[in-house]
Amino acid sequence: MSIINTKVLPFNATAYQNGETVEVSEADLLGKWSIVFFYPADFTFVCPTELGDLADHYAQLQEMGVEVYSVSTDTHFTHKAWHDTSETIGKITYPMIGDPTGAITRNFDVMIEEEGLALRGTFVINPEGEIKVAEIHDLGIGRSAVELVRKVQAAQHIAANPGEVCPAAWTPGADTLAPSLDLVGKI
């Protein structure tokens with residue numbers, strides 16, 4: 001069964017954000033667009049490049065009404081230690097959720113059970129708490145925040161414009177399509 005268009009399952013977690021611990025639950029995802037961004041572990045190799053790239057685009061995402069939550073099976077204490085010791089991770093201001101029990105990671109079906117780590121999973125969630133984008137990568141394949149921003153823009157456009165769809169490589173301002181029998185075989 002696909003996770004697309006399903007509601008985010010209930011969870012409660014502690015996150016590290018801006019020098020403090022904050023409590024986060026599925027209720028925090030309601031009423032705005034959200035990105036839940038899973039990665040395997042703190043103090044690793046590809047992960048800081050992805051999280052740093054996301055931090056570089058965080059202001060743009062916030063301007064779009066999007067909150068970002070990174071999640072790993074580390075604790076919020078480990079997130080703090082990484083934040084305090086890495087220049088790249090030190091620029092992060094979005095919540096870094098600790099999921100040491102793996103409950104959230106399992107909710108999104110990205111747990112590598114034999115390792116206790118998350119796959120690289122990216123989920124875009126609408127204000128109603130429904131998953132609209134799900135992307136899962138193997139551990140060695142890093143993600144691009146630029147492409148993630150584009151996907152959020154497309155999801156927001158479709159939500160605001162029922163009856164339209166965004167073709168491949170669509171960007172804001174480009175033409176969309178209105179599916180109909182008249183288009184069949186003409187694209």
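- A continuous path of ILVMFWY side-chain contacts below 4.5 Å connects Leu51 to Val66, so both sit in one hydrophobic cluster.
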Exercise. Between Gln17 and Thr93, does a side-chain hydrogen bond (donor to acceptor under 3.5 Å, both in side chains) hold up when you go through it step by step?
Worked result: CA-CA 6 Å; Gln17 183 181 24; Thr93 57; over 6 Å; no
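- Contact between Lys91 and Gly52 at its shortest, heavy atoms only, is CE-O, 3.6 Å.
- The closest side-chain heavy-atom distance from Leu61 to Val149 is below 4.5 Å.
- Here ring pair (Phe, Tyr, Trp, His ring centres under 6.0 Å) pairs that include residues 46-65, with residues two or more places apart or in two chains, are Tyr58-Tyr94.
- Side chain of Asp138 to backbone of Gly140: no donor-acceptor contact under 3.5 angstrom is found.
- With respect to the salt-bridge test (charged N to carboxylate O, under 4.0 angstrom), the residues Arg120 and Glu135 do not qualify.
- Residues Val71 and Val133 do not share a hydrophobic cluster, defined by chaining ILVMFWY side chains whose heavy atoms lie under 4.5 Å apart.
- The minimum heavy-atom distance linking Ser2 with Ile4 is given by the pair OG-N, 3.1 Å.
- The only member of Arg143, Lys151, Glu147 that meets side chain to side chain donor-acceptor pair (under 3.5 Å) when paired with Thr122 is Arg143.
- Residue Gly121 comes nearest to Val110 through the heavy atom pair CA-CG1, 4.2 Å, listed as atom of the first residue, atom of the second, then distance.
- Under the 4.5 Å side-chain heavy-atom criterion for grouping Ile, Leu, Val, Met, Phe, Trp and Tyr, Leu9 is not connected to Ile136 through any hydrophobic cluster.
- Taking 4.5 Å as the limit, every side-chain heavy atom of Glu26 sits out of range of all side-chain heavy atoms of Lys7.
- Of all non-hydrogen atoms in Phe11 and Ile104, the two that sit nearest each other are CD1-CD1, 3.6 Å.
- Using a 4.5 Å heavy-atom threshold, the side chains of Leu119 and Ile112 count as touching.
- Ile97 and Val68 are members of different hydrophobic clusters when ILVMFWY side chains are connected at heavy-atom separations under 4.5 Å.
- Heavy-atom neighbours of Asp56 CG from other residues, nucleotides or ligands within 6.0 Å: above the threshold of 12.
- Taken from CG in Asp99 to CZ in Arg106, the straight-line distance is 8.0 Å, to the nearest 0.5 Å.
- The nearest pair of heavy atoms linking Ile89 to Pro48 is CD1-CA, 3.8 Å.
- No side-chain heavy atom of Asp42 sits under 4.5 Å from any side-chain heavy atom of Cys47.
- Under a cut-off of 6.0 angstrom, the local environment of CZ in Phe45 is sparse, with at most 12 non-hydrogen atoms contributed by other residues, nucleotides or ligands.
- The aromatic rings of Phe108 and Phe38 sit tilted, their planes meeting at an angle between 30° and 60°.
- Annotation: Phe37 is not in aromatic contact with Tyr69 [ring centroid separation under 6.0 Å not met].
- Under a hydrophobic-cluster definition in which Ile, Leu, Val, Met, Phe, Trp and Tyr are linked whenever side-chain heavy atoms come within less than 4.5 Å, directly or via other members, Ile131 and Val24 are assigned to the same cluster.
- At distances below 3.5 Å, not a single donor-acceptor pair connects side-chain atoms of Asp53 with backbone N or O atoms of Ser144.
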Expected list for residues 28-36: side-chain donor-acceptor pairs under 3.5 angstrom, two or more places apart:
unit_1, atom_1, unit_2, atom_2, d
Asp28, OD2, Ser25, N, 2.7
Lys32, NZ, Asp28, O, 2.1

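- When each of His83, His79, His76 is tested with Tyr16 by the rule ring pair (Phe, Tyr, Trp, His ring centres under 6.0 Å), just one qualifies, namely His83.
- No side-chain donor-acceptor contact under 3.5 Å links Gln153 and Thr171.
- Considering only heavy atoms from C-beta on, Ile125 stays 4.5 Å or farther from Lys132 through its side chain.
- Residue pairs meeting the ring pair (Phe, Tyr, Trp, His ring centres under 6.0 Å) criterion with at least one member in residues 148-182, sequence neighbours excluded, are His157-Trp170.
- The main-chain N or O of Thr6 is never found under 3.5 Å from a side-chain atom of Glu130 such that the two would form a donor-acceptor pair.
- In terms of heavy atoms, Thr73 sits closest to Gly102 at CG2-CA, 4.4 Å.
- Side-chain contact check for Glu67 versus Pro95: some heavy-atom pair is nearer than 4.5 Å.
- Within 6.0 Å of CD on Glu113 lie more than 12 heavy atoms contributed by other residues, nucleotides or ligands.
- The shortest distance between side-chain heavy atoms of Leu117 and Tyr39 does not fall below 4.5 Å.
- With a 4.5 Å cut-off on side-chain heavy atoms, Val124 and Leu148 count as touching.
- With hydrogens and angles ignored, the 3.5 Å screen pairs a side-chain donor or acceptor of Thr85 with a backbone N or O of Ala81.
- Side chains of Glu20 and Asn18: no donor on one and acceptor on the other come within 3.5 Å.
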